[in-house]
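What follows is a single structure, written as structure tokens, with notes after it.
Read the numbers this way: they start at 1 and go in the same order the structure lists the ligands and their atoms.
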Amino acid sequence: MRERIQLLPPEEAKKIAAGEVIDRPSALVREFIDNAIDAQSSLIEVNIENGGIRKIEVIDDGAGMDYEDLSICWQTHATSKIRSMQDLNVADTLGFRGEALAAAAMVSRLEILSSPDGREAWRLQIGPGDHAQPRIEQTRRIKGTSVRALDIFDAIPVRKRFLKRDWSEAHQCRLMFLDKALAFPRIGFRFSQDGKLKTYLPPTSSRKERFSAALLSRREDYFLYEINAAGDGFTVAAVLGGPELSRSDRRHQYLFTNGRRIQDFSLLQAMEYGVQGWFPNNTHPIGAIYIDINPAKADFNIHPAKREVRFADSGAIHHAITQTIRAFVRHKNLAPEQPPPPANFVFEEPKQPKAPSQIPIEKEEKKTSFLAEAALEDSSKEQTEAGLKYTGRAFDLFILVEKDARLFLIDQHAAHERLLYDEFLTKPIPQQDLLVSIPFSTESDAEDQFLENRREELARLGIRIQGRNGSWRIDALPESWRLGDAETVREILNLKNANENIAEHWAATLSCHNAIKDGEYLDEAAALRLAKAVLELPAPRCPHGRPLWFEIRREDLFKAVKRT
Ligand code: ADP
Ligand code: MG
């Protein structure tokens, strides 16, 4: 049922956050698409010309407007969506202030064609300067609405001067279009620029599918995952790219709340915590987090463009995002269901998840020989047991083993590092008192607070510290620790940035320092033992997220040299 458009009473209008700002064409794209979505459209088409400056047109097949609604819709605070601020507690629409069409009519020549049923249809024309008398005439149109804004800012030269070049404004419009399309996968979206169709996104029930259609190439699809969780009064869904799609910036990180893209650094950070250990250092995941929350528990009326939201319990949401993604990363078997489209060599991960197996850690001096010793007793047994065959070494770093018609090139450092990491995380870290403690000073209250609040946790990680107010000393460190004083202090203070994940961060640091290095020699038995252990891992990545090996199938190798 369509609600009628009415003017908000002045006392309600006053409670609304500062007015809509139409500073550039993309702001109109946003408002017009929002209206089309609110009208329950199933297909939305956006056409822009000259970066939207000459023309923005948004065509929908939604509820439409009749004569009465059309003749009032352009007035400030005219809305069919709420009657009072009270309604905001239940409103599930993107708009609610009744300001967008009014603002559009002030900055451009506005034309709206609309029909509520495909029988009666009307055209409204209104422009800057003739606010008092819009022209309305009968026309023909199928059910739905077309909104056109022409010659934006012609009447406001100051703003026009601040516009960027056409291509740059067009880019902004397209980004805005993508924000909306990502938020509403069930709606089909088309985007054309200067008469050319640029993007068509067919309707889909899958957020993952929409994300990939909007932003990725077909091949990349393969590394995209969808994760869902529910909390008290809200749900969280995440579309997440694997480390294969990681980036050095945070572009392509999206956060939506009830269909609106919002800016909230801490919630995106929650996603990053969740993937920690799965991604190479200093890289960021791409992905979209969708939070759907009871509108009574969130306030969208705090930012003119609704880009911010205040949650009644943001901690719970933060926690849900981190935990959900972390659990996914931990339990996920990274094995793909199907190999990606063929290249000559296919990088594949093991298909059968098994319980992680560990090899015992040893102190640094012994670590290489340990691998050799431990393997000695049962190494040819192992070869038949696991069906593994040692075939050699490459580039002073890779162990080569054959198994089931596949050749594995295993990164020995990363492999050992990963096994040590699991060990450090699951077993107590042996601690050693220092003969001479290491004094150090902190540089901020935040560092002091960190050391004070997390002292016990640090002790469990093998780090014993004492002190306060800027002056501290380290009394004990993990047995295997070998770094110099300055570096040690830096690594410990660095843990502050790991927030809730200092155990994982520390385990990653320890295992990196303790693992065999590139160029260190492993004999056949030790190499086999290492290979066997890592090939059984369910998620074979190093603590920084890199894969542990590259795999070549016999078949692919044969194909590559055209042997049949
Ligand atoms: P708001 O979206 O905040 O209500 P707008 O100024 O954007 O305010 O729109 C005013 C009213 O015009 C809306 O409440 C809606 O009833 C009507 N309207 C605008 N665009 C459309 C559309 N594409 N289809 C149907 N109705 C629309
Ligand atoms: Mg609106």
Side-chain angles (χ1 to χ4, degrees), residues 1-9 12-13 15-22 26-47 56-85 87-88 90-108 110-118 120-126 131 134 136 141-149 176-177 179-180 183-184 187 189-190 258-260 295 300-301 303-307:
M1 245 296 278
R2 229 160 33 87
E3 293 287 336
R4 295 234 71 94
I5 302 181
Q6 290 179 20
L7 293 181
L8 280 175
E12 296 298 331
K15 297 181 201 154
I16 282 177
E20 226 63 75
V21 186
I22 306 297
S26 62
L28 284 180
V29 170
R30 176 189 68 220
E31 292 302 327
F32 294 166
I33 298 181
D34 278 0
N35 282 342
I37 293 169
D38 285 346
Q40 314 279 333
S41 309
S42 53
L43 181 67
I44 298 174
E45 194 176 316
V46 179
N47 303 311
I56 294 169
E57 178 179 52
V58 175
I59 304 172
D60 69 50
D61 60 355
M65 286 177 273
D66 60 14
Y67 178 86
E68 230 177 296
D69 280 346
L70 198 63
S71 47
I72 186 177
C73 69
W74 57 273
Q75 294 196 32
T76 308
H77 298 142
T79 179
S80 57
K81 298 169 193 175
I82 59 168
R83 296 283 174 257
S84 72
M85 291 319 272
D87 294 347
L88 267 191
V90 290
D92 56 359
T93 51
L94 297 172
F96 51 77
R97 297 177 180 137
E99 292 183 326
L101 293 184
M106 275 179 235
V107 300
S108 68
L110 185 67
E111 209 175 293
I112 304 178
L113 279 77
S114 195
S115 167
D117 51 17
E120 58 156 334
W122 302 92
R123 177 207 307 270
L124 169 132
Q125 284 173 292
I126 182 169
H131 246 146
I136 302 188
R141 197 202 185 282
I142 53 168
K143 176 170 175 275
T145 304
S146 311
V147 178
R148 268 178 222 146
M176 189 60 80
F177 165 85
D179 282 1
K180 300 295 168 188
F184 293 91
I187 302 176
F189 279 89
R190 292 158 68 96
N258 294 3
R260 295 184 176 95
F300 291 95
N301 188 29
H303 187 280
K306 310 178 190 91
R307 271 198 296 270

With heavy-atom distances below 4.5 Å as the criterion, would you say the side chains of F32 and L101 are in contact?
yes
Should G98 be listed as contacting ligand 1, given a heavy-atom distance under 4.0 Å as the test?
yes
Show the nearest heavy-atom pair for residues F189 and I33, with the distance to one decimal.
CE2-CG2, 3.8 Å
Does ligand 1 have a heavy atom under 4.0 Å from the side chain of T145, from its backbone, from both, or from neither?
side chain
Is it the side chain, the backbone, both or neither of F32 that has a heavy atom closer than 4.0 Å to ligand 1?
neither
With respect to V58, which candidate in N47, T145, I44, V29 satisfies the side-chain contact (heavy atoms from CB on, under 4.5 Å) definition?
I44
Using a 4.0 Å cut-off to any heavy atom of G95, which atoms of ligand 1 qualify?
2 (O), 3 (O)
Identify, by atom number and element, the atoms of ligand 1 in contact range of R97, meaning under 4.0 Å from any of its heavy atoms.
3 (O)
May I ask you to list the atoms of ligand 1 that are less than 4.0 angstrom from any heavy atom of C73?
10 (C), 12 (O)
Salt bridge check: are K143 and D61 linked by an N-O gap of less than 4.0 Å?
no
Under the side chain to side chain contact (heavy atoms under 4.5 Å, CB included) criterion, do L124 and M65 qualify, and how do the steps go?
CA-CA 11 Å; L124 169 132; M65 286 177 273; over 6 Å; no
With a cut-off of 4.0 Å, which atoms of ligand 1 are near a heavy atom of F96?
3 (O)
Under the side chain to side chain contact (heavy atoms under 4.5 Å, CB included) rule, what do I59 and R141 come out as? Steps first, then yes or no, please.
CA-CA 11 Å; I59 304 172; R141 197 202 185 282; 3.3 Å; yes
For E111 and L113: C-alpha separation, side-chain torsions, deciding distance, then whether side chain to side chain contact (heavy atoms under 4.5 Å, CB included) applies.
CA-CA 7 Å; E111 209 175 293; L113 279 77; 4.1 Å; yes
Is A78 touching ligand 1 with its side chain, its backbone, both, or neither, if touching means heavy atoms under 4.0 Å apart?
backbone
Contacting atoms of ligand 1, where contact means under 4.0 angstrom from a heavy atom of A39
24 (N), 25 (C)
Quick one: does ligand 1 sit under 4.0 Å from the side chain of I5, the backbone, both or neither, non-hydrogen atoms only?
side chain
Does even one non-hydrogen atom of M65 get within less than 4.0 Å of ligand 1?
yes
Which bit of E99 gets closer than 4.0 Å to ligand 1, counting heavy atoms only: side chain, backbone, both or neither?
backbone
Heavy-atom pair of closest approach, residues G95 and K81
O-CD, 3.3 Å
Hey, are the side chains of E3 and R83 touching, using non-hydrogen atoms and a 4.5 Å cut-off?
yes
Look at the N, O or S atoms of T79, main chain and side chain alike, and state whether any lies under 2.8 Å from the Mg ion (ligand 2).
no
Below a 4.0 angstrom heavy-atom separation, can you tell me which part of D60, side chain or backbone, both or neither, approaches ligand 1?
side chain
Grab the two heavy atoms, one from F184 and one from G259, that are nearest each other, plus how far apart they are.
CE1-O, 3.5 Å
Is the shortest N/O to N/O distance between A102 and ligand 1 below 3.5 Å?
no
